[in-house]
Amino acid sequence: MSNQLSKSERERDAANQTYFITLAESRASLVNLPMLAFVNAALMSLLTFTIVASMAFYVGSRSFLFLYYAHLAVLGFSAVVFLVSLVRPLTFRFQVFFSSLLAVFATLLVYTLCLMGLGMITNVTRGGYTMFDLAVFPVAGVMGLLYVCGAIVVHVLLLRKRLREGHSEARTMGNLTAASSVYNSKSLWIIFGAVMIVPNVLTQGQYVSNTLGVILFLLFASVVPSLPVEFTYLAYLKSQDKRYWEHRPGRRVRTKREVRAIVKKVTLWVGIVFAFCVVLLVLTKLGMSDSR
């Protein structure tokens, strides 16, 4: 019985090791650090000069000035990391440090995406002007922070459970395809449709952007926190054992399938950012036209 248990433990440890080695060579690869830093900088620039700047300068609340300047500091930090991470010999020589940076930027990605949703939730039109409701934003921000912290705790507990049981082969292969079963859930799409359609039918479409903000926030806050949790644990593993270190990739020609996958990802991100900009622009135009 003890021998069987020992064998089970060895299989579990081997499955976990395979999973994180695969993770290090795919989604958490240091090759992705420049792209992640660039995406964070782009999203944070958009949010800094729309939502945060609006609350800090135009709405009349100087209490958001600290957040505005903190965003500028993060933008400068992102630019430095982006440039340094392009030097691959340096990046792959100090893998523990740069893997930790990857976890930091994954956390910043959670922040920027959730802030995007909160901005759409608290965007209202009053007195002919479109603005971000300072009375609602702090409350929504605190509730959103609690929700994100809860989601992080859930992902930590899930990781702990998988480490005890051993990561499945399907999840390990999911690192290579970056696929998540959550998008195939019929229940998720039913909830999405109900929350999107019912309130807007009852209010004649008055809260379309706010409803979309709620959906985006719940989606991002529920799914994306798994990245910093797993990336942080991988950085810890790299600090303990070099078997989790990546091999510096050489130059290679991408297949058509890989190129199509990259194009789809880039198109998705561009579409999300573009839709967010369009919503803000339309709301601003509507507010200006109403004021006239």
Side-chain angles (χ1 to χ4, degrees), residues 14-44 77-113 155-156 158-159 162-163 167-183 220 223-270:
N16 290 333
Q17 178 180 323
T18 302
Y19 175 81
F20 282 102
I21 290 177
T22 306
L23 178 67
E25 298 288 346
S26 53
R27 292 185 295 137
S29 174
L30 293 176
V31 177
N32 298 328
L33 181 57
M35 180 183 66
L36 189 56
F38 177 80
V39 169
N40 268 293
L43 288 175
M44 187 159 288
F77 174 69
S78 300
V80 172
V81 172
F82 172 76
L83 294 175
V84 173
S85 60
L86 292 177
V87 185
R88 286 194 177 182
L90 181 66
T91 304
F92 283 87
R93 181 177 178 84
F94 301 100
Q95 291 201 27
V96 176
F97 174 73
F98 284 99
S99 291
S100 300
L101 283 181
L102 194 68
V104 170
F105 278 100
T107 305
L108 288 174
L109 182 64
V110 176
Y111 169 76
T112 52
L113 291 175
H155 283 290
V156 170
L158 286 175
L159 176 60
R162 294 185 187 112
L163 289 173
H167 283 77
S168 65
E169 183 178 353
R171 187 167 180 83
T172 301
M173 294 302 296
N175 279 327
L176 301 177
T177 59
S180 175
S181 60
V182 69
Y183 297 109
F220 293 144
V223 178
V224 184
S226 65
L227 295 180
V229 169
E230 292 193 343
F231 289 4
T232 300
Y233 190 73
L234 177 61
Y236 166 75
L237 290 177
K238 286 187 175 184
S239 69
Q240 300 298 311
D241 195 338
K242 283 194 172 184
R243 76 178 67 184
Y244 296 99
W245 283 37
E246 298 176 60
H247 299 288
R248 181 184 172 188
R251 294 180 177 272
R252 67 184 182 88
V253 179
R254 297 185 182 275
T255 64
K256 292 183 178 180
R257 183 178 181 181
E258 291 174 329
V259 172
R260 284 195 297 267
I262 293 175
V263 171
K264 288 181 180 179
K265 289 182 181 179
V266 172
T267 303
L268 176 63
W269 282 108
V270 171

*Intermediate values then yes/no, side-chain contact (heavy atoms from CB on, under 4.5 Å), Leu101 and Phe77*: CA-CA 11 Å; Leu101 283 181; Phe77 174 69; 3.8 Å; yes

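Atom CD1 of Ile21 sits about 10.0 Å away from atom CG of Leu234, to the nearest 0.5 Å. Distance check, rounded to the nearest 0.5 Å: CZ of Phe97 to CG of Leu30 gives 11.5 Å. Atom CG of Leu163 and atom CG of Leu158 lie 11.0 Å apart (nearest 0.5 Å).
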If you look only at distance, which donor and acceptor atoms sit under 3.5 Å apart when one is on a side chain in residues 31-40 and the other is two or more places apart or in another chain?
from  : atom 1 : to     : atom 2 : distance (Å)
Asn32 : ND2    : Ser26  : O      : 3.0
Asn32 : ND2    : Arg27  : O      : 3.2
Asn40 : OD1    : Leu109 : N      : 3.1
Asn40 : ND2    : Leu36  : O      : 3.0
Asn40 : ND2    : Phe105 : O      : 3.0

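Across Val96 and Ser100, no two heavy atoms sit closer than the pair O-OG, 2.8 Å. Pairing each heavy atom of Gln95 with each of Trp245, the nearest pair is OE1-CA, 3.4 Å. Summarising the geometry of Thr91 relative to Ser85, their closest heavy-atom pair is OG1-O, 3.3 Å, with the distance given to 0.1 Å. Here the closest heavy-atom approach between residue Ala28 and residue Leu102 is recorded as O-CD2, 3.2 Å.
Remark: Tyr111 engages His71 in a side-chain hydrogen bond (donor to acceptor under 3.5 Å, both in side chains) (not counting sequence neighbours). Applying the side-chain hydrogen bond (donor to acceptor under 3.5 Å, both in side chains) test to Ser99 and every residue at least two apart in sequence or in another chain returns Lys238. Remark: Arg243 engages Gln17, Asp241 in a side-chain hydrogen bond (donor to acceptor under 3.5 Å, both in side chains) (not counting sequence neighbours). Residues passing the side-chain contact (heavy atoms from CB on, under 4.5 Å) test with Val84, sequence neighbours excluded: Val80, Leu90, Phe98. The side-chain contact (heavy atoms from CB on, under 4.5 Å) search around Val229 returns Ile152, His155, Val156, Leu159, not counting sequence neighbours.
Val104 is not listed as a side-chain neighbour of Phe231, based on a closest heavy-atom distance of 4.5 Å or more.
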